[in-house]
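The structure presented is a predicted model; accordingly, all values stated were derived computationally and were not measured. This chain uses plain numbering: 1 for the first residue, then up along the sequence.
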Amino acid sequence: MSLTEQQLEKLSKVQLDESWKYGLSEFLLSPKMDELKAFLVEEKKMDKVIYPPSHLIFNALNTTPLNQVKVVILGQDPYHGPNQAHGLSFSVQKGVAVPPSLRNIFHELHSDLGLEIPKHGNLTRWAEQGVLLLNAVLTVEAGQPTSHQKQGWEDFTDHVIDVLNEQRQNVVFILWGAYAQRKGKRIDENKHLVLKAAHPSPLAANRGGFFGCKVFSKSNNYLKQNGIEPIDWQLDA
């Protein structure tokens, strides 16, 4: 895709890792992206509190560049409580209580790999090793879960998945719950590994299908089989 000087200038203003910009440029330069930005501007004009803070909206993509992605863990939308969301799916900042879904993830991690249950919920160490912690929707209004759905973020993150699907090989996609699994239908399972299980939220996990899914060991086994350095899932190392 050949870009004009005007388009390049517009892209330069997007606070997004360079490795993602070109692959996502079609969407970033589209009217849909303009509409999404206009929606967020209007929300802020009405003094609504939006999570995560603006500089962390693209945190997942900025922490895990395109050419470093080994595993994708797909979430739905950010946590909507104070100081929780920081742009990585399922993750909370240190000092914030670990949410129930993440507690269940840690229990499965312990059961699967025998690792100690972390003392905090910050998953940045995973992201820095190549685990793309991507929410389908990247913003939310404080106290209003799913409030920013159907405003354009789903199209944006579809493009993220498409870029990974087309430009990378042997990526592990971890899809917990029906929402993530619907979004994952665009993934070529001949090129990548798709692991599906129930969502880790207490309601879904307790019905069965999450505990015992062993996605952490399955991911590492697949990466090793394809000559890729596995993930060190221990957060407190």
Side-chain angles (χ1 to χ4, degrees), residues 1 6-7 9-17 19-64 66 69 72-93 99 101-102 123 127 132-166 173-187 199 201 204:
M1 180 180 177
Q6 187 178 14
Q7 288 173 321
E9 184 181 356
K10 187 175 181 180
L11 277 182
S12 72
K13 295 174 183 176
V14 181
Q15 300 300 306
L16 184 61
D17 183 87
S19 68
W20 288 103
K21 271 190 187 180
Y22 188 79
L24 297 172
S25 59
E26 182 181 351
F27 186 86
L28 292 171
L29 296 168
S30 71
K32 283 186 177 180
M33 189 66 194
D34 292 336
E35 290 166 12
L36 176 54
K37 286 193 287 189
F39 165 74
L40 293 172
V41 167
E42 286 303 311
E43 291 287 283
K44 290 179 180 178
K45 279 183 182 176
M46 291 186 280
D47 292 327
K48 292 183 180 180
V49 176
I50 307 300
Y51 296 134
S54 296
H55 70 284
L56 293 175
I57 289 173
F58 292 126
N59 194 23
L61 300 170
N62 289 331
T63 307
T64 313
L66 173 59
V69 176
V72 179
I73 298 180
L74 189 62
Q76 191 163 346
D77 64 347
Y79 296 119
H80 54 88
N83 303 315
Q84 289 182 307
H86 64 125
L88 305 179
S89 63
F90 295 102
S91 180
V92 292
Q93 304 194 61
S101 292
L102 186 53
L123 306 182
L132 180 64
L133 297 164
L134 182 69
N135 279 315
V137 176
L138 299 190
T139 57
V140 70
E141 182 184 345
Q144 302 293 326
T146 72
S147 51
H148 286 188
Q149 287 187 6
K150 299 181 180 177
Q151 297 295 337
W153 280 128
E154 293 92 342
D155 292 331
F156 174 77
T157 51
D158 279 349
H159 274 72
V160 172
I161 292 171
D162 289 346
V163 167
L164 284 167
N165 189 42
E166 292 160 12
F173 290 85
I174 296 175
L175 308 178
W176 286 321
Y179 183 92
Q181 288 161 23
R182 284 195 299 272
K183 200 169 180 72
K185 287 179 180 177
R186 44 206 316 123
I187 300 163
H199 195 276
S201 66

Do Gln15 and His55 come within less than 4.5 Å of each other through their side chains, counting heavy atoms only? no

Do the side chains of Leu61 and Leu16 get nearer than 4.5 Å, heavy atoms only? yes

With a 3.5 Å distance limit and no angle check, can you tell me whether Gln149 reaches the backbone of Thr146 through a side-chain donor-acceptor pair? no

Electrostatic pair Glu42-Lys45, nearest N-O below 4.0 angstrom: yes

Could you tell me which non-hydrogen atom of Ser91 sits nearest to which non-hydrogen atom of Tyr79, and how far apart they are? O-CE1, 3.3 Å

Once the angle between the rings of Phe58 and Trp153 is folded into 0 to 90°, is it parallel (under 30°), tilted (30 to 60°) or perpendicular (over 60°)? perpendicular

Looking only at heavy atoms, what is the nearest atom pair of Leu175 and Gln181, with distance? O-NE2, 3.2 Å

salt_bridge(Lys10, Asp34) N-O dist < 4.0 Å: yes

Contacts of type ring pair (Phe, Tyr, Trp, His ring centres under 6.0 Å), residue Phe173, not counting sequence neighbours: His192

Can Ser12 and Lys21 be counted as having a side-chain donor-acceptor contact under 3.5 angstrom? no

Do Ser89 and Leu134 have side chains that get closer than 4.5 Å, going by heavy atoms? no

Is any side-chain heavy atom of Glu141 closer than 4.5 Å to a side-chain heavy atom of Glu43? yes

Within the structure provided, determine whether Thr157 and Leu138 are in side-chain contact (heavy-atom separation under 4.5 Å). yes

Decide yes or no for Val160 and Leu132: does some side-chain heavy atom of the first lie under 4.5 Å from some side-chain heavy atom of the second? yes

So which heavy atom on Thr139 is nearest to which on Leu40, and how close? OG1-CD2, 3.6 Å

Shortest non-hydrogen separation from Tyr51 to Gly81 and the atoms involved: CE1-O, 3.5 Å

Test item: Gln144 and Lys48 side chains (from C-beta on) under 4.5 Å apart, heavy atoms: no

Can you list the residues that meet the ring pair (Phe, Tyr, Trp, His ring centres under 6.0 Å) rule with Phe39, with sequence neighbours excluded? His148

Ring pair (Phe, Tyr, Trp, His ring centres under 6.0 Å) partners of His86, counting only residues at least two apart: none

Residue pair Val137 / Pro78: nearest heavy atoms and the distance that separates them: O-CD, 3.2 Å

So does Asp158 have more than 12 non-hydrogen atoms from other groups sitting under 6.0 Å from CG? yes

With no hydrogens and no angle check, is any side-chain donor or acceptor of Thr64 less than 3.5 Å from a backbone partner on Ala127? yes

Looking only at the aromatic ring of each residue, does the gap between the centers of Trp176 and Phe90 stay below 6.0 angstrom? yes

Would you say the side chain of Val92 lies within less than 4.5 Å of the side chain of Pro99, judging by non-hydrogen atoms? yes

